[in-house]
**Student:** 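Structure below; questions to follow.
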Amino acid sequence: MTVVNRDGKVSELQNALNAFDLDQIASVFVLPKVASTSTASGRSTSSSSGKSVSLQDHGLDWSSTLTQYCNASDAALAGDASKMFESQCALHSSFHSVFSSSQGNWLVPTLHMICKMTHKAAIAADRYTSTSASSKDSNAHLQKAVTLLQESYSKTSNDRREFKADAPLDDQEGSKKAGVLKIVNELFAIYFRLNTLRLCKNLLRPVESRKLHQMGKMADMVTYRYYVGRLNLFEDQYQAAEQSLEYALKHCHKNAFENKRRILRYLVPVKLFRGRLPSLQLLEKYGLLEFLPIVEGVRTGDLRLFQGGLVKSQDIFIHRGTYLLLEKCKTVCYRNLFKRIHVITERHQIPLNTVAKSLKWLGMPIDLDEVECILANLIFRGYIRGYLSHAKRVLVLSKRDPFPVSAVIMK
Amino acid sequence: MAVGAVGRFIRSVHNKYFVMFANHQYQYQQAGGGAVSTGGMVWNGNAWVQSSAAAQPQNGRSSTFSTASYGGKESRWARAPQQQARPAAAKPQQGGPPDGLKRYVHRCLEKCASEEQKKQVQKETERVIAEALQDGTLHTKNWDAVPLISLPDYSRKRDSFSLQQSISSKKQKVKSNTDMYYGHTRGGPNNGGYYGPSSSSPHPNPTASSSTSHQQYSSRQQSSSKYQNHYGPADENEDFIKVPNFGVKKGSNKYVNPNSAKKKKPMDDAGFQRSSSTMAQRANRFSGPGGNADVRQATAKGIDARYMGKGVIGGSSKKLDETDYEQMKVKGTCRKLEKQYLRLTAPPKAELVRPLEILQQHLGNLKKEWKSKSRRDYLWFCAEMKAVRQDLTVQHIQNSFTVQAYEFHARIALQEGDINEFNQAQTQLKILYEKLDDAKSLENENEFVAYRMIYFVVMSLNKGYKGGSSDLLKLMLSLTSSQRNDPAIKHSLQLRAAVAEMDYHKFFQLTKSCPNLGGMLISRSVPIMRYLALQRICRAYRPSVAFVFALKELGFSAQTAKEIEDGCFVLGYMSLPRRWCASFFVVAGLMVAE
């Protein structure tokens, strides 16, 4: 069974501290991946924690932090995810004390790394212990991680020193607030995974009030905007969502393919609802093929295609929370359908029979009263300018711009 | 040990007298573990016993006392220990303030709502105790029976009172019929008058006269007096509103209150007498068995701790295992079928909780009763069901019977339009369905999943609901494919889609064809949908629309002229903000009427 070389770790950390290389210090605490149980050659349950190491440097005691890190690494290499998580939690808490007693903000990258590791360890532990089906238990580790991260957040956010955005991280003057944004992003990620979105809102306010989301590293800002966009989506604030997600997409690093894909998963429905369709190349490039039939359906007014696409990927959309938004896009689909009929028949008075015929041809027979209902909705929302006559069973369209584009875009 | 008890007592009751008293005793305790002699009495760690040693002079005692660390009213109390010493020298007694006295003072002070009241009551209690000391009856008096000190301005809201009075007057007629059967242990179907009037009940009714006098009081008093007082003092809290009781025993042997039987004061002040003595007597009813004294004892004996596991959780390192949980559960032994619902304020007593067979029988009877023609009103059923649920929860019974009970409650709540109760029941049902997986428990699961869906739809239409659509989405995600094909669930999904698209035509069609009891739920959102649909119709149809058609679209059945007229008026009322629309409908209605 492989174990981590404790003394080696001590010297590694010592060197990093001596060199004052912030990223190197952070990299000391990277946890190895949890070995799958097949490759782990025998777990020794007797040795619960290995020997403790000791390291003091500039008045900061790294001993317990480092010991716990070694325990966590051992557990990971042995394939024991929950023990790894436990050790990681201990590591995180002991690091909190180190962090608080440190001056300046030079330990912020390390804190970030540890937070990220806690998050990952929690997910791994949950995955390994997901025996019971009930959702409460299966996120127990993640919920513990939340507490730790919240503490990290408060430690960084409650620093009194003034925050200078572009100042480098140092060990005297720097404000710990530099670390807030990244931790907030981690917390967002966890909250979304746990589906407790109201807790996100508590984080929004302090960050926005201190304008922390407008300074700092671009990567953090993009992530932040991504989550804010998703939050807006959840609350049906589509315009704000579009802005945030667009910002995120625009400023996302050109090589961050996976991230851009994630952003697009939410941006495409929003834009679709607001009348902007993505090109085929875009969907293909990012592998967002679940949107294909929907987009095509909306473009051509093909109700059958649209409905089919929606039902097929229903579970995915529900899981992401975009299903209801896409249902709303059905309205745009109807509008385009009627527009096509209008263009084809080139008349301003469309008998409803024609509409019924076309729907039947699409394979979705709808009775006339229902057609009238749909049209009434469209007229009410402003997608169609005209009126219905029930007695004559006719849709009368306005002579001037019966299908205003602005109605769709403006929404 | 006694010191510990007294110490606790000090903390709970801020009564200077007892501080003094405790110090008094404590001093004796401190003077050495062994025998301490005082005035011929010896404290052997447990009690004061007469010793054969020479009696100390009384003055010695008093001097010891005056060194007690008690500030303030020394002059008042300086005599007290001497007075106590004399009878103490005469015969052996229990040491310290007697239990009954402690309970008595506690009860008096509990009633106080404000600091000022507390102070006044303290003064009163001190006076009473001083009297008792002087008489020498401090230890011999039965403190449980002493009338409680009445609170100085015991001001109650008048309006809640008159309401109670009107309720009680209405219920009196029913009460005289229906509270006879309570004494039956195994009612069952053989007893024809189980729920109905049964005049021929061989029911002992010794305090009938007192009961009639009690009917003059508000129902609140009645329910608190005659029934299980275990569930906390009920009349002290002004805002405590009890479900009007039907099943109250008219006269029970257990709760004979000698004081109340004699008094028959005339009614005044909305039927509530406010004189301090009657109030004290009223409060005194809680002194009987099952009353405050028992609650106090139960708490003191640690039943509370056992029930709540306090002795184990956090208190020791012993891990709880199955046997501990078994101990903590209450095993019901009550055999009476009916029970009034009272919120628990103390750990439940086993003899008041009904075991499973009784509950099953009871539920069967309730179901029959619900279907019968002349059944009681919904409130009564609701109260009974709550009591059943309470008994089930307290005994940790979670099986298919629990599911049945909750389902029944949910169904009757739906039928009566009680959305709150329905929501409570359905939340519990969700938990139960997740927990249990035998076929019997889950046979109605789909029906209730459909209800849940409709409930969320209704809520989402409700403007005040801030929950968002996440619950709906979660529910949709959790549907298995077999569930999606279930007719009730399919219907509810279609309903959801119709509401999302504002497809009013389909919506009203679906409302008409709602399976099971879903119609009761969805009818709550019918007015809102009607209004929204009306907006769309008015906007879309120009220059006019046949109102009959409009009515049909909006879910009215416009077959007869009368119905058409009614529909028009409803719509006219609804569309008041849009005047022209309203007048249109009203005119249409008038035209039809002609």
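Chain letters run A, B, ... following the sequence lines, proteins first and then strands; every chain starts at 1. This structure is a prediction, so every number in the text was calculated from the model and none was measured.
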**Student:** So which part of A:Gln314 gets closer than 4.5 Å to some heavy atom of chain B, the side chain, the backbone, both or neither?
**Tutor:**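 Just its side chain gets close to chain B.
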
**Student:** Which heavy atom of A:Glu327 sits nearest a heavy atom of B:Ala497, and at what distance?
**Tutor:**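 That closest heavy-atom pairing would be OE2-CB, 4.2 Å.
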
**Student:** Is atom CZ of B:Arg484 surrounded by more than 12 heavy atoms (other residues, nucleotides or ligands) closer than 6.0 Å?
**Tutor:**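 Yes.
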
**Student:** Check A:Ile366, A:Asp367, A:Ile374 against B:His505 for a side chain to side chain contact (heavy atoms under 4.5 Å, CB included) and give me the one that passes.
**Tutor:**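 Exactly one option meets the side chain to side chain contact (heavy atoms under 4.5 Å, CB included) with B:His505, and it is A:Asp367.
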
**Student:** Can you check whether A:Glu372 reaches B:Tyr541 side chain to side chain, under 4.5 Å on heavy atoms?
**Tutor:**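 Side chain of A:Glu372 against side chain of B:Tyr541, heavy atoms only: contact under 4.5 Å found.
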
**Student:** Between CD1 of A:Ile318 and CG of B:Leu475, what distance do you get to the nearest 0.5 Å?
**Tutor:**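 Going from CD1 on A:Ile318 over to CG on B:Leu475, the span is 9.5 Å.
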
**Student:** What's the separation between atom SG in A:Cys373 and atom CE in B:Met502, rounded to the nearest 0.5 Å?
**Tutor:**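 Result: 7.0 Å between the selected atoms.
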
**Student:** Using 0.5 Å steps for rounding, measure from the CG atom of A:Asp369 to the NZ atom of B:Lys506.
**Tutor:**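 So the gap between those two atoms works out to 14.0 Å.
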
**Student:** Within a radius of less than 6.0 Å around NE2 of A:His348, do more than 12 heavy atoms belonging to other residues, nucleotides or ligands occur?
**Tutor:**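 Yes, NE2 of A:His348 has more than 12 neighbouring heavy atoms, counting only those of other groups under 6.0 Å.
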
**Student:** Could you check whether any side-chain heavy atom of B:Arg496 comes within less than 4.5 Å of a side-chain heavy atom of A:Leu324, counting everything from C-beta outward?
**Tutor:**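 Of all side-chain heavy-atom pairs linking A:Leu324 with B:Arg496, at least one is under 4.5 Å.
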
**Student:** Measure the shortest side-chain to side-chain distance between A:Tyr387 and B:Arg539 over non-hydrogen atoms and say whether it is less than 4.5 angstrom.
**Tutor:**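 A:Tyr387 vs B:Arg539: side chains apart.
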
**Student:** Below 4.5 Å, heavy-atom pairs only: which of A:Lys328, A:His319, A:Glu370 has the largest tally toward chain B?
**Tutor:**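 Answer, by heavy-atom pair count under 4.5 Å with chain B: A:Glu370.
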
**Student:** Check whether any side-chain heavy atom of B:Glu501 sits under 4.5 Å from a side-chain heavy atom of A:Asn377, and report yes or no.
**Tutor:**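 No, every pair of side-chain atoms sits at 4.5 Å or beyond.
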
